Amino acid sequence: MAYSRITGTGSYLPEKVLSNSDLAQTVDTTDEWIFERTGIRRRHIAAEGEQTSDLAQAAAEHAMQAAGVTAADIDLIIVATSTPDMIFPSTACLLQAKLGVTGGAAFDVQAVCSGFIYALATADKFVSSGTSKCALVIGAETFSRILDWTDRRTCVLFGDGAGAVVLQPSEAPGVLSAHLHSDGRHSGILRVPGGVQNGKVVGHPFLEMNGQAVYKQAVRVLGEVTQEALKANGLTGADLHWMVPHQANIRIIMSTAEKLGLKPEQVVTTVHDHGNTSAASIPLALDVAVRDGRIQRGHNVIFEAVGGGLTWGAVLVRW
Ligand code: UT7
């Protein structure tokens, strides 16, 4: 059986850092409230004119360098984003041109904070089946552009950034399995309900969230899907070396880790420095833990995420 394997990781964060104390100057909040409820201390914010595809380009170039591949090798680009540069062309096509890639397919995946899990699962099918020989999978977001900066319930939670991986065929695992779920009945609890019609923005164009409803669903579905991934491979939590979760809230992350029997030091967390970067958060955290040497060849690593839709999923990888 052929597998797909991550052969390089990369990430990019915009230069500007916005701390909780900075935010407390403009909205009715405090560093203590934000940190205690979420674990967030600061987040990065894209510069004016810096687009999602620019963030994606920097992350992709770092991942390609790490994998030792060039633009000529890439035959598939999947970008997970809910904050595309424009309605169309896709951010993946814009990125393809910026990278100088001229062959293969490029498309976006929209599964909000679960986007990277969905994109990685999709690319794994292409690579393990032999359809693609070298895929780029990217999570990239400029969530700062879809936030109402006067709404303290949401604007303190999110940040901008991008993370990328290169996926190539391998005789040995690799991606062990991917598990995707969605339930559109919960679409109202986390959404940006606006759209463009006849040249006008119709509906509310900023992020709305029922935080407590999302929290309850998140704790439940992440517990279920991580067990599903382990069971599918005949493994238990004791076989895991690392969890690289979606970085929305430290309390949700640690509740899932506890159910898996993981120690806090086995969980890669960047939420304090990055905030919630939606589809970018897992590949951003992964790149940190690969580059600082924590994740080593042969380690079992689980990725998990939940987001608007509702969407959720997990990918189990042998590094
Ligand atoms: O990535 C997608 C997945 N998203 C998530 O995983 C988010 C899941 N939800 C959460 O992480 C949490 O629900 C939040 C962090 C968003 C909110 O925490 P909470 O403990 O559920 O707080 P709450 O919404 O129940 O609000 C508690 C209080 C309220 O005041 P009252 O009504 O009790 O007087 C809020 O108005 O905190 C108030 N509040 C704030 N106070 C200071 C809400 N936002 C803020 C703020 N600063 N930024």
Side-chain angles (χ1 to χ4, degrees), residues 18-43 80-83 110-119 139-144 146-161 163 181-184 186-193 206-226 243-257 267 269-272 274-285 303-314:
L18 187 68
S19 71
N20 291 349
S21 316
D22 294 336
L23 265 170
Q25 310 288 317
T26 53
V27 279
D28 182 15
T29 191
T30 60
D31 176 47
E32 292 72 36
W33 191 96
I34 301 170
F35 184 69
E36 274 167 25
R37 304 278 174 141
T38 69
I40 300 168
R41 284 279 191 212
R42 57 192 72 83
R43 72 287 292 143
T81 189
S82 300
T83 46
Q110 218 280 40
V112 201
C113 298
S114 312
F116 181 75
I117 296 283
Y118 269 65
E141 302 281 13
T142 47
F143 253 56
S144 62
I146 54 166
L147 299 175
D148 173 354
W149 287 97
T150 65
D151 178 9
R152 69 175 183 173
R153 292 166 304 154
T154 53
C155 75
V156 303
L157 303 173
F158 296 90
D160 300 336
H181 295 277
S182 56
D183 186 345
H186 301 297
S187 60
I189 62 175
L190 176 52
R191 60 183 185 166
V192 179
F206 296 115
L207 186 144
E208 301 173 345
M209 178 167 71
N210 177 339
Q212 289 194 3
V214 175
Y215 194 100
K216 274 188 207 136
Q217 292 294 338
V219 167
R220 182 178 65 80
V221 299
L222 292 174
E224 287 171 6
V225 77
T226 48
M243 179 170 100
V244 185
H246 169 48
Q247 311 280 326
N249 183 314
I250 195 72
R251 293 184 293 150
I252 297 173
I253 292 172
M254 288 309 170
S255 142
T256 308
V267 185
T269 54
T270 51
V271 65
H272 43 286
H274 299 174
N276 180 348
T277 57
S278 193
S281 88
I282 292 175
L284 265 164
F303 307 140
E304 49 84 332
V306 59
L310 207 68
T311 57
W312 66 99

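Computed from heavy atoms alone, side chains included, the values below leave out hydrogens, waters and symmetry copies. Just follow the structure's listing: the first ligand is 1, and inside any ligand the first atom is 1. Worth saying up front: this structure is predicted, and the values here are computed from it rather than measured.
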Using a strict cut-off of 4.0 Å, indicate which atoms of ligand 1 neighbour a heavy atom of [X].
X	value
Arg37	19 (P), 20 (O), 22 (O), 27 (C)
Thr38	15 (C)
Gln212	13 (O), 21 (O), 23 (P), 25 (O)
Val156	48 (N)
Arg251	20 (O)
Ile252	6 (O), 8 (C)
Cys113	1 (O), 2 (C)
Asn249	10 (C), 11 (O), 15 (C)

For ligand 1 and Gly211, I'd like to know whether there is a polar contact (N/O to N/O, distance under 3.5 Å).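 Yes: some nitrogen or oxygen of Gly211 is under 3.5 Å from one in ligand 1.
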Consider every N or O of Thr30 and every N or O of ligand 1, then say whether any pair is closer than 3.5 Å.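 Between Thr30 and ligand 1 (N or O atoms, distance only) the closest approach is not under 3.5 Å.
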Yes or no, since that's all I need: does a protein heavy atom fall within a distance strictly under 4.0 Å of [atom]?
atom	value
atom 36 (O) of ligand 1	yes
atom 31 (P) of ligand 1	no
atom 11 (O) of ligand 1	yes

When you look at CZ of Arg251, are more than 12 heavy atoms from neighbouring residues, nucleotides or ligands closer to it than 6.0 Å?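 Yes, the 6.0 Å shell around CZ holds more than 12 heavy atoms from other groups.
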Nearest to atom 41 (N) of ligand 1 by heavy atom, Phe143, Tyr215, Trp312, Trp33: which?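 Among Phe143, Tyr215, Trp312, Trp33, the closest heavy atom to atom 41 (N) of ligand 1 comes from Trp33.
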Mark the output for Leu190 as yes if a heavy-atom distance to ligand 1 is under 4.0 Å, and as no if none is.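 Yes, that is the case, since the closest heavy atom of the residue is under 4.0 Å from the ligand.
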Pairing of Arg41 and Asp31 as salt bridge, 4.0 angstrom limit: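 Yes, Arg41 and Asp31 are salt-bridged.
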